[in-house]
Amino acid sequence: MTEEELPIRIAPWMHIITTGGGMRLDELLPASGSVYVVRLSGHDMPDEISTFQQFDELLKFPEYFGWNWNAFYDCLRDLQWLSSDYHVLIIESAESILSEDDVAREEFFKTLLRAGRRWSYTKRPEGVTLSKLSVVLSCDTEFASSLAGRLGELQNPRNF
């Protein structure tokens with residue numbers, strides 16, 4: 001694996017990989033327990049409605065989902081209806097997410113960061129921390145460093 005293909009760790013629960021790259025499964029999956037894995041494509045999420053539709057369908061959001069960013073966050077921080085111990089979101093073509101709306105794109109990534117922080121961490125037997133919600137963003141190599149930089153800026157508490 002070349003340096004360009006190495007995962008970029010944004011937070012313990014969020015990673016960026018480049019197309020064709022990957023992550024070690026033990027960095028992503030728990031030693032035990034059930035895992036719900038969702039695979040999304042940024043190409044299918046050009047606007048807010050499409051983004052909400054993709055998550056609603058694949059994460060089986062409850063009927064009360066309000067189709068706005070607050071409701072999106074509420075659903076991501078709950079996920080109890082999935083009856084799994086851990087949740088992994090794999091988003092391919094992350095550079096294409098909300099390509100028609102920069103403001104919504106920033107809100108999307110802030111929401112993912114907040115939800116990951118909310119799920120916090122659990123201790124594994126070997127002492128490594130693992131979040132109950134993990135997000136893997138896959139993008140072309142040319143976008144990885146700029147996406148990582150922007151996500152790093154969004155982690156600043158004054159942005160929440």
Side-chain angles (χ1 to χ4, degrees), residues 1-30 35-61 65 67-73 75-77 79 82 86-121 124 128-160:
M1 194 179 285
T2 67
E3 190 172 314
E4 289 180 346
E5 294 174 337
L6 292 176
I8 300 170
R9 185 178 176 153
I10 302 302
W13 61 87
M14 185 177 282
H15 310 273
I16 297 174
I17 61 171
T18 55
T19 305
M23 290 184 63
R24 292 180 19 189
L25 286 178
D26 65 341
E27 293 179 30
L28 196 58
L29 299 177
V35 180
Y36 191 87
V37 179
V38 173
R39 191 172 178 177
L40 302 119
S41 173
H43 292 299
D44 295 333
M45 298 184 276
D47 55 45
E48 285 185 33
I49 296 300
S50 300
T51 300
F52 294 149
Q53 284 175 333
Q54 289 298 307
F55 277 82
D56 179 52
E57 283 178 31
L58 296 172
L59 287 174
K60 303 174 182 170
F61 283 174
F65 173 54
W67 297 84
N68 60 60
W69 292 112
N70 288 333
F72 184 67
Y73 170 71
C75 286
L76 286 180
R77 72 182 173 103
L79 298 176
L82 294 177
Y86 298 88
H87 310 88
V88 178
L89 307 178
I90 300 169
I91 305 175
E92 298 172 326
S93 302
E95 70 275 10
S96 298
I97 296 168
L98 293 157
S99 57
E100 298 175 6
D101 189 339
D102 290 339
V103 173
R105 181 183 173 132
E106 188 163 302
E107 189 63 40
F108 172 79
F109 286 123
K110 274 195 220 178
T111 302
L112 286 182
L113 286 164
R114 284 177 59 214
R117 185 175 294 137
R118 172 70 170 81
W119 278 97
S120 71
Y121 315 97
R124 294 173 68 181
V128 177
T129 57
L130 182 70
S131 176
K132 290 192 170 221
L133 174 69
S134 295
V135 179
V136 177
L137 303 169
S138 175
C139 64
D140 288 335
T141 303
E142 63 194 77
F143 297 105
S145 62
S146 63
L147 180 58
R150 187 63 193 129
L151 290 171
E153 291 171 15
L154 291 175
Q155 281 194 94
N156 188 324
R158 66 185 151 94
N159 288 317
F160 284 99

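- Nearest heavy atoms, Ala144 versus Thr18: CB-CG2, 3.9 Å.
- For the pair Arg150 and Phe109, the cation does not sit on the ring face, since its NZ or CZ is not both under 6.0 Å from the ring centre and inside 45° of the axis.
- When side chains are defined from C-beta on, Leu89 counts as touching Leu112, because their heavy atoms get closer than 4.5 Å.
- Here the closest non-hydrogen pair linking Ala115 and Tyr73 is N-CE1, 3.7 Å.
- The structure places CD1 of Ile97 at 7.5 Å from OG1 of Thr51, a figure rounded to the nearest 0.5 Å.
- Taking Asn68 as the reference, nothing meets the side chain to side chain donor-acceptor pair (under 3.5 Å) condition, with sequence neighbours excluded.
- Atom CG of Leu133 sits about 8.5 Å away from atom CE of Met14, to the nearest 0.5 Å.
- In this structure the side chain of Trp13 reaches within 4.5 angstrom of the side chain of Leu113, judged on heavy atoms.
- Rounding to the nearest 0.5 Å gives a distance of 11.5 Å between OG1 of Thr141 and CD1 of Ile16.
- One distance of note links OG of Ser96 with CD1 of Ile91; it measures 12.0 Å at 0.5 Å rounding.
- Evaluation of the side chain to side chain contact (heavy atoms under 4.5 Å, CB included) rule for Leu82 yields Tyr36, Leu59, Lys60, Leu79, Ser84, His87 as partners, not counting sequence neighbours.
- Legend: residues meeting side chain to side chain donor-acceptor pair (under 3.5 Å) with Glu95, ordered by chain and number and at least two apart, are absent.
- Ser146 contributes atom OG, which lies 9.5 Å from atom CG of Leu151 (distance to the nearest 0.5 angstrom).
- Annotation: the span from Asp56 atom CG to Ile49 atom CD1 amounts to 10.5 Å, rounded to 0.5 Å.
- Listed by chain and residue number, Trp69, Thr111 satisfy the side chain to side chain contact (heavy atoms under 4.5 Å, CB included) test with Glu107 (two or more places apart in sequence, or in another chain).
- Across all non-hydrogen atoms, the minimal contact from Ala104 to Leu98 is O-CD1, 3.4 Å.
- Looking at heavy atoms from C-beta onward, Gln53 lies in side-chain contact with Trp67 at the 4.5 angstrom threshold.
- Residues that satisfy the side chain to side chain donor-acceptor pair (under 3.5 Å) test with Asp47, not counting sequence neighbours, are Ser50.
- By the ring pair (Phe, Tyr, Trp, His ring centres under 6.0 Å) test, Phe55 pairs with Phe72, Phe108, sequence neighbours left out.
- The side-chain heavy atoms of Ile8 and Leu147, taken from C-beta on, include no pair separated by under 4.5 Å.
- Shown here are the salt bridge (Lys or Arg N to Asp or Glu O under 4.0 Å) partners of Glu92, two or more places apart in sequence or in another chain: Arg39.
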